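Written out below as structure tokens is the structure these notes cover.
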Amino acid sequence: MSDTRTIRLTVNGETGSYTVPVRQNLVDFIRNDLGLTGSHVGCEHGVCGACSIEVDGDIVRGCLMFAVQADGAEITTIEGLAESDRGAALRSAFSARNALQCGYCTPGMLATALDYVEAGGAADRAAIRAHLSGNYCRCTGYQSIVDAVCDVIEGRVEA
């Protein structure tokens with residue numbers, strides 16, 4: 001069995017073929033091979049959510065998925081979300097509410113919060129907390145993050 005495999009991915013709208021080690025996780029491939037360092041590696045056990053990225057429309061833990069498993073997938077990183085302006089209101093709200101804290105969890109928090117907002121989530125603090133519960137903020141900034149998500153859902157922040 002080969003130690004590498006060639007995969008085809010679309011990352012932030014750009015399609016390419018890449019030869020990757022079969023045991024390389026997706027977030028390491030994105031950070032080290034593509035140079036997209038917005039997604040962070042935190043716990044490497046799928047617990048903290050710092051590596052959260054969008055794969056075929058679903059939020060996944062990039063540290064729990066091998067790059068070869070993403071063959072043929074469409075991936076959107078935090079850089080892709082910023083380029084497309086998806087989540088611009090959330091970024092503004094995070095800034096206005098000081099929900100950025102140290103910023104380590106912010107890309108995963110933004111991706112997960114955007115998933116909630118785009119799915120039509122309500123400005124229900126308990127529901128928002130439940131949706132974000134897989135993302136850890138080591139600065140304990142949850143209050144501000146939930147405030148920011150509520151602001152966007154209630155239309156108090158524009159992009």
Side-chain angles (χ1 to χ4, degrees), residues 7-16 25-27 29-31 34 36-67 69-159:
I7 61 172
R8 186 167 181 82
L9 300 173
T10 301
V11 180
N12 298 334
E14 293 190 28
T15 302
N25 71 41
L26 184 57
V27 73
F29 167 74
I30 289 170
R31 289 181 56 83
L34 301 183
L36 300 169
T37 58
S39 301
H40 295 137
V41 179
C43 66
E44 295 190 81
H45 292 90
V47 175
C48 75
C51 62
S52 298
I53 55 175
E54 190 178 87
V55 177
D56 290 333
D58 293 321
I59 299 299
V60 302
R61 300 290 192 253
C63 71
L64 294 182
M65 185 174 194
F66 291 121
Q69 292 176 296
D71 188 18
E74 187 167 324
I75 297 170
T76 305
T77 67
I78 195 68
E79 292 90 346
L81 292 175
E83 290 170 5
S84 71
D85 246 5
R86 283 178 61 205
L90 270 173
R91 288 192 304 278
S92 294
F94 269 55
S95 180
R97 287 289 192 165
N98 196 27
L100 300 168
Q101 301 289 320
C102 78
Y104 199 83
C105 72
T106 302
M109 284 286 187
L110 282 169
T112 305
L114 183 62
D115 179 61
Y116 182 81
V117 170
E118 289 183 341
D124 175 324
R125 300 183 75 78
I128 294 167
R129 285 183 181 275
H131 193 82
L132 296 175
S133 64
N135 295 70
Y136 290 169
C137 171
R138 290 167 179 84
C139 303
T140 67
Y142 297 104
Q143 183 73 24
S144 299
I145 292 168
V146 173
D147 289 344
V149 174
C150 284
D151 284 353
V152 170
I153 292 169
E154 293 172 344
R156 290 188 292 237
V157 176
E158 294 182 23

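For the single chain, residues carry numbers from 1 onward in sequence order. This structure is a prediction, so every number in the text was calculated from the model and none was measured.
In this structure, CD1 in Ile145 is found 8.5 Å from SG in Cys139, a value given to the nearest 0.5 Å. From Asp115, atom CG reaches atom CD of Glu54 across 7.5 Å, with rounding to the nearest 0.5 Å. The CG atom of Asp58 lies 12.0 Å from the OG atom of Ser52; values are rounded to the nearest 0.5 Å. For the atom pair CZ (Phe66) and CG (Leu26), the distance works out to 11.0 Å, reported to the nearest 0.5 Å. Interatomic distance, Leu9 CG to Phe29 CZ, rounded to the nearest 0.5 Å: 5.5 Å.
Pairing each heavy atom of Ala70 with each of Ile75, the nearest pair is CB-CD1, 4.1 Å.
Side-chain atoms of Arg8 do not come within 3.5 Å of backbone N or O of Asp71 as any donor-acceptor pair. His131 places no side-chain N or O within 3.5 Å of a backbone atom of Arg129 that could act as its donor or acceptor partner. A donor-acceptor pair is defined here as one N or O able to donate and one able to accept, closer than 3.5 Å; such a pair exists between the side chain of Glu79 and the backbone of Thr37. Panel note: side chain Asn135, backbone Gly49; a donor-acceptor pair is recorded below 3.5 Å. Judged by distance alone, the side chain of Tyr142 and the main-chain N or O of Cys137 form a donor-acceptor pair under 3.5 Å. No donor-acceptor distance shorter than 3.5 angstrom exists from the side chain of Asp56 to the backbone of Ala73, with no hydrogens or angles considered.
Screening Ile78, Val11, Ile30 for a side chain to side chain contact (heavy atoms under 4.5 Å, CB included) involving Ile53 leaves a single residue, Ile30.
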Exercise for the section: Kindly determine whether Arg125 and Cys150 satisfy side chain to side chain contact (heavy atoms under 4.5 Å, CB included), including the steps that lead there. Expected result: CA-CA 8 Å; Arg125 300 183 75 78; Cys150 284; 3.9 Å; yes
Exercise for the section: Evaluate the criterion side chain to side chain contact (heavy atoms under 4.5 Å, CB included) for residue pair Cys51 and Arg31; output intermediate values, then yes/no. Expected result: CA-CA 10 Å; Cys51 62; Arg31 289 181 56 83; over 6 Å; no
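Side-chain atoms of Thr77 and Asn12 include a donor-acceptor pair closer than 3.5 Å.
Salt-bridge check for Arg61 with Glu44: failed, with every basic side-chain N at 4.0 Å or more from each acidic carboxylate O. Salt-bridge check for Arg91 with Asp85: passed, with a basic side-chain N closer than 4.0 Å to an acidic carboxylate O.
The closest side-chain heavy-atom distance from Leu81 to Leu110 is not below 4.5 Å.
Sequence neighbours left out, the pairs with a member in residues 94-109 that pass side-chain hydrogen bond (donor to acceptor under 3.5 Å, both in side chains) are Arg97-Asp151.
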